[in-house]
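Reviewing the structure listed below.
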Protein chains: 2
Amino acid sequence: MSGNIAAKPLQRAEIAKRTGCNLETVRYYEKVGLLPEPPRTEGGHRAYDANHERRLRFILRARELGFALDEVRTLLRLVDERDAPCGEVRDVAAAHLRDVQTKIADLRRMERVLKETVAQCADGARPECPLVESLFR
Amino acid sequence: MSGNIAAKPLQRAEIAKRTGCNLETVRYYEKVGLLPEPPRTEGGHRAYDANHERRLRFILRARELGFALDEVRTLLRLVDERDAPCGEVRDVAAAHLRDVQTKIADLRRMERVLKETVAQCADGARPECPLVESLFR
DNA sequence: GCTAAGCCCTGTAGTAACTACAGGTGCAAG
DNA sequence: CTTGCACCTGTAGTTACTACAGGGCTTAGC
């Protein structure tokens, strides 16, 4: 046969390197029930397969988009339990989108005020600092 | 004398109500060194004065603007130690402003992708969910 | 003056989502 | 067969609070 294509269905914990995820984070996801416990080698090392990696990538991508782990859990449950979870998944994502938009609005408010106050201090040499005063107001 | 105007320089822990800050949070700020320990009544209750309230308002306002407690600590130290801390305070605030702007940029990226994927699921009835697929990608 | 309600007290533990050890073993290459 | 790296478990630390549990103080009403 040309190489050991089917001979190694299990990869080592290079899953971390392949996904760019910290190995301790992978174990954390296992501990909190987002990843299934993988089989072990005789020595007790975890042996992940392609499905673990696929699931981990799902988690990491959702995290990049700012989903909380609890939301990720919900999404994965929907994917695992339903055949066509599209509507429910969309609801979770839409709710998260609203959260993100709220956070953006909050941060923009902060940004505006910070800009104003920093600008008032532009010279940086006055005895009474307008920035400090505005914090004490 | 017309009432006890100077007879009560110390207020009760109504400081919480007056500032809208949770009393347990006030004590937390004391524990982490942002607020000085106030004098106590004979019974051991904290007796705050106007300076405590002023300082607490500073903290709360800085928190509203998204300063981390460590940044607040720095700001308060500058205010306490220097006569004219304007320049240094401005530097801290400017650094924080950059953080805020980075966060806004991150969130807007999330927002854009979420909007796109949620829109792809608009009908919500397809067997293969584009949103789920994009998370698995 | 006394009592009961309602504050306030201390200290600990819980939250989110990791991260960083310490102290020990497996494994694979040379 | 040895050496060094990767992996193992479990605990504790991070941020900024919040939520108790189990008491003590205070004060308004009687």
- [ ] With the side chain of B:His45 defined as its heavy atoms from C-beta on, choose the nearest nucleotide among D:dC20, D:dC25, C:dC18.
- [x] D:dC25
- [ ] Would you mind classifying the nucleic acid contact of A:Arg63 as base, sugar-phosphate or nothing, using non-hydrogen atoms under 4.0 angstrom?
- [x] sugar-phosphate
- [ ] From the options C:dA17, D:dA19, D:dT9, select the nucleotide whose nearest atom is closest to the side chain of B:Glu24.
- [x] D:dA19
Open item on the list: How many whole angstroms separate atom CD of A:Glu37 from atom C1' of D:dC7?
Closed with: 17 Å
TODO: In whole angstrom, give the distance that lies between atom CD of B:Glu42 and atom P of C:dC8.
DONE: 18 Å
TODO: Please state whether the phosphate of C:dT19, meaning OP1 or OP2, lies under 4.0 angstrom from any side-chain nitrogen or oxygen of A:Thr25.
DONE: yes
Task: Distance, rounded to the nearest Å, where A:Glu30 contributes CD and C:dA17 contributes P - done: 18 Å
TODO: Under 4.0 Å between any heavy atoms, over every strand shown, what does A:Phe67 touch: base, sugar-phosphate, or nothing? Just pick one.
DONE: nothing
Open item on the list: I want to check one thing: is the phosphate of D:dA16, taken as OP1 and OP2, less than 4.0 Å away from some side-chain N or O of B:Arg27?
Closed with: no
Task: Nucleotide D:dC17, atom C1' - distance to CG of B:Leu35 in whole Å - done: 14 Å
- [ ] Nearest-nucleotide wise, let me know which of B:Arg40 and A:Ala68 is further upstream toward the 5' end of DNA chain C.
- [x] B:Arg40
Task: Interatomic distance where CD belongs to A:Glu64 and P belongs to C:dC18 [whole Å] - done: 12 Å
Open item on the list: Do the side chains of A:Arg73 and A:Asp70 get close enough for a salt bridge, i.e. N-O under 4.0 angstrom?
Closed with: yes
- [ ] May I ask you to verify if any side-chain N or O of A:Lys31 is less than 4.0 angstrom from the OP1 or OP2 atom of D:dC8?
- [x] no
Open item on the list: Measuring to OP1 and OP2 of D:dT26, would you say a side-chain N or O of B:Thr41 lies under 4.0 angstrom away?
Closed with: yes
Task: Rounded distance in Å - CD1 (B:Ile59) to P (D:dT15) - done: 16 Å
TODO: State whether A:Phe136 and B:Arg54 meet the cation-pi test: NZ (Lys) or CZ (Arg) under 6.0 Å from the six-membered ring centroid, and within 45° of the perpendicular axis.
DONE: yes
- [ ] Tell me which nucleotide among D:dA16, C:dT10, C:dA17 gets nearest to the side chain of A:Tyr28.
- [x] C:dA17
Open item on the list: When you compare the side chain of B:Gln101 with that of A:Lys115, does any pair of heavy atoms fall below 4.5 Å?
Closed with: yes
Open item on the list: Counting only side-chain nitrogens and oxygens, does A:Arg46 get under 4.0 Å of the OP1 or OP2 atom of D:dC7?
Closed with: no
TODO: Would you check if A:His45 and A:Arg40 make a side-chain contact, meaning some heavy-atom pair closer than 4.5 Å?
DONE: no
- [ ] Find out whether B:Val100 and B:Leu65 are in side-chain contact, i.e. whether some heavy atom of one side chain is under 4.5 Å from a heavy atom of the other.
- [x] no
